[in-house]
Amino acid sequence: MSFSKLQLNEPILKAIKLCGYTAPTPIQSEAIPQAIAGHDLIATAQTGTGKTAAFVMPALMRLSVPSASLKRSKGPRVLVLTPTRELANQVTEAVKTYGKFMRIRSGAILGGMPYFEQQRLLSQPVDLIVATPGRLIDHMERGRIDFSRLELLILDEADRMLDMGFSDAVDAIAKATPADRQTLMFTATMDNTMAKLAQRLLKEPVRIEIAGKKTTLEAIEQRLHAADDMQHKSRMLNHLIADSAMTRAIIFSGTKRNADQLAIELSAQGHSAAALHGDMSQGARNRTIMNMKRGKIRLLVATDVAARGLDVTGITHVINYDLPKNAEDYVHRIGRTGRAGASGIAISFASGKEVDSLRSIERYIGQTIPQQVIPGLEPSRPLRRTSSGGSSRPGTSSWKQKPGFSGRNYGKSDSARAPYGAQSKRKPNAEGRFSRDARPTAKRDGGKTSDFRPGKQSRQNRWA
Ligand code: AMP
């Protein structure tokens, strides 16, 4: 399949050529024609599959023809909602890249950025807006945004948006847009909560399931090191980062404080290292990402939310200094390496306290991560990896461990985000968080397109 078969216009094809893409990825060849045809879409695709282009290109196609709306509105014709600022920046970049030869007025409405620039953006005619839900709601409440001519609503990483407590915000935003809009929903995982969201917001959506995870994971060599304690982790890290094959690495830390601390220690040892987390200003985060892209930073110590959507090519290693509590985050973390066809190495440290997280990750990915030891840095006791019973369903334990949400502080902290209005309604269903067939280990080979009508099909049909 070539891009020329996807009904894209010349300016977009010219931009694709400039990117050096030779063929569409599976999500692009499945989603682009359906979206251009005007269907609502529910697409299951992991990050790293080329999903951003899969919705940005149809959005640009829509903007290549003048608005048919009779409303005298300056408001956006396309709205993309993303869970994090980094992901929003990535989408904004993609709009500029693929829309390079078109005249598109676009901008971002993000938390942590000055209001006045966003007010200016909203006071002029704008075609496409990329926004995080919290700040967009702020502008909506101040009556600064007009959605009367909105044609296309895109939810990127919808599952993550709900995980972060934005369920009510997403509903309120969708409600403020015209009912006859087209809606595209992209999610990494599919469960009952996502089906309910689809039922609320989408009309007779076409379902596309791209099992990108296997491809993503297959390109990544995963390793596990048992750790006695933090000192042991630190010694193993020092050994690993001495490897000259590690040209660019992301080291994931469980907390913002530890990320800062580790970055300071690594810098003091003479490494080009920096931290990336949600307590930093957006400007500082952007500068850090830019420095990583330019090769000025070799070791980036990051927290989960800050690294979401981070698209830096050439990351050779991901190191999980602390294991994520949420199994999905493991896949997102290691997906920072092995992107767009490159291979990568993901090394995880696990202490005795992290065995539950490790089990939940291994159940989720359907694999046992091979364990290795560094000569001279062997753990003093083996890791008890075998399950001692309990639930075998993925995600169950991660739900129990999720932090509670309180207060309204969208986009201000990595761990304590408030929902819009009320507490997050996302709860595990009676059988745990994911239905069996929605597990990412299932149906990995190739993509599948089918008509999907939430509520009208049997449970098995829905997720099979
Ligand atoms: P995404 O899944 O949208 O985060 O994209 C992952 C990476 O794939 C980005 O760096 C894109 O630039 C790259 N990419 C997107 N589409 C293609 C394609 N058709 N061929 C090669 N690389 C691509």
Side-chain angles (χ1 to χ4, degrees), residues 1-8 12-33 35-36 41 43-61 80-100 130 154-161 184-189 208-220 248 250 289-290 292-294 304 306-316 318 328-329 331-344 440 446-447:
M1 161 86 76
S2 84
F3 276 106
S4 57
K5 300 247 161 62
L6 295 183
Q7 303 138 44
L8 295 164
I12 299 176
L13 290 173
K14 207 169 141 191
I16 292 171
K17 208 166 165 199
L18 211 62
C19 291
Y21 302 166
T22 47
T25 63
I27 185 70
Q28 291 162 4
S29 38
E30 296 272 350
I32 291 173
I36 291 177
L41 276 186
T44 317
Q46 303 283 331
T47 181
T49 53
K51 68 177 171 63
T52 315
F55 60 77
V56 168
M57 289 178 189
L60 292 172
M61 284 300 290
V80 185
L81 288 181
T82 72
T84 66
R85 294 175 247 179
E86 275 68 24
L87 195 58
N89 285 335
Q90 191 188 321
V91 174
T92 313
E93 277 298 306
V95 171
K96 286 193 189 124
T97 305
Y98 307 131
K100 189 177 169 69
V130 185
I154 299 164
L155 309 179
D156 188 17
E157 300 201 358
D159 52 346
R160 182 71 168 188
M161 232 150 11
L184 312 179
M185 181 170 123
F186 285 74
T187 171
T189 55
I208 296 175
E209 191 182 332
I210 297 298
K213 180 174 288 184
K214 190 178 180 199
T215 339
T216 317
L217 290 184
E218 265 175 358
I220 301 167
R248 231 176 261 185
I250 305 185
I289 293 171
M290 191 49 73
M292 182 88 180
K293 283 187 175 166
R294 287 183 181 148
D304 286 302
R308 185 91 179 184
L310 183 71
D311 185 24
V312 178
T313 48
I315 294 184
T316 53
V318 165
E328 283 166 62
D329 283 336
V331 176
H332 281 284
R333 285 182 179 190
I334 74 169
R336 305 298 104 207
T337 182
R339 286 172 86 72
S343 62

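Given the structure is predicted, the values throughout are model-derived calculations rather than measurements. As the structure lists them, so they are numbered: ligands from 1, and atoms in each ligand from 1.
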*Asks:* Which atoms of ligand 1 are found less than 4.0 Å from any heavy atom of Thr52?
*Replies:*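 Reading through ligand 1 atom by atom, the close ones are 1 (P), 3 (O), 4 (O).
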*Asks:* Report the part of Phe3 in contact with ligand 1, treating N, CA, C, O as backbone and CB onward as side chain, heavy atoms under 4.0 Å; options are side chain, backbone, both, neither.
*Replies:*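 Answer for Phe3: side chain.
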*Asks:* Heavy atoms, side chains only, cut-off 4.5 Å: are Asp304 and Arg333 in contact?
*Replies:* yes
*Asks:* Give the atoms of ligand 1, by number and element, whose distance to some non-hydrogen atom of Gln90 is under 4.0 Å.
*Replies:* 4 (O)
*Asks:* For Thr49, counting its heavy atoms only, list the atoms of ligand 1 lying under 4.0 Å from any of them.
*Replies:* 2 (O)
*Asks:* Using a 3.5 Å cut-off on N or O atoms only, is Thr22 in polar contact with ligand 1?
*Replies:* no
*Asks:* Donor-acceptor check, side chain of Thr337 to backbone of Ile315, threshold 3.5 angstrom: yes or no?
*Replies:* yes
*Asks:* Could you grab the distance from atom OG1 of Thr316 to atom CD1 of Ile250, nearest 0.5 Å is fine?
*Replies:*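 One finds 10.0 Å between OG1 of Thr316 and CD1 of Ile250.
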*Asks:* Report yes if Ala23 has an N/O atom closer than 3.5 Å to an N/O atom of ligand 1; otherwise report no.
*Replies:*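 Yes - when backbone and side-chain N and O of Ala23 are compared with those of ligand 1, one distance drops under 3.5 Å.
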*Asks:* Just so I know, are the side chains of Leu8 and Ile36 near enough to count as touching, which here means a heavy-atom distance under 4.5 Å?
*Replies:*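 Yes, side chains in contact.
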*Asks:* Is Arg160 salt-bridged to Asp329, going by a charged N under 4.0 Å from an acidic O?
*Replies:* yes
*Asks:* Output yes when the distance from some N or O of ligand 1 to some N or O of Gly50 is under 3.5 Å, and no in every other case.
*Replies:* yes
*Asks:* Could you pull out, from Phe186, Phe55, Tyr21, the option with a heavy atom nearest to atom 13 (C) of ligand 1?
*Replies:*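 Ranked by closest heavy atom to atom 13 (C) of ligand 1, first place is Tyr21.
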*Asks:* Side-chain contact, heavy-atom cut-off 4.5 Å: Phe3 with Gln28?
*Replies:* yes
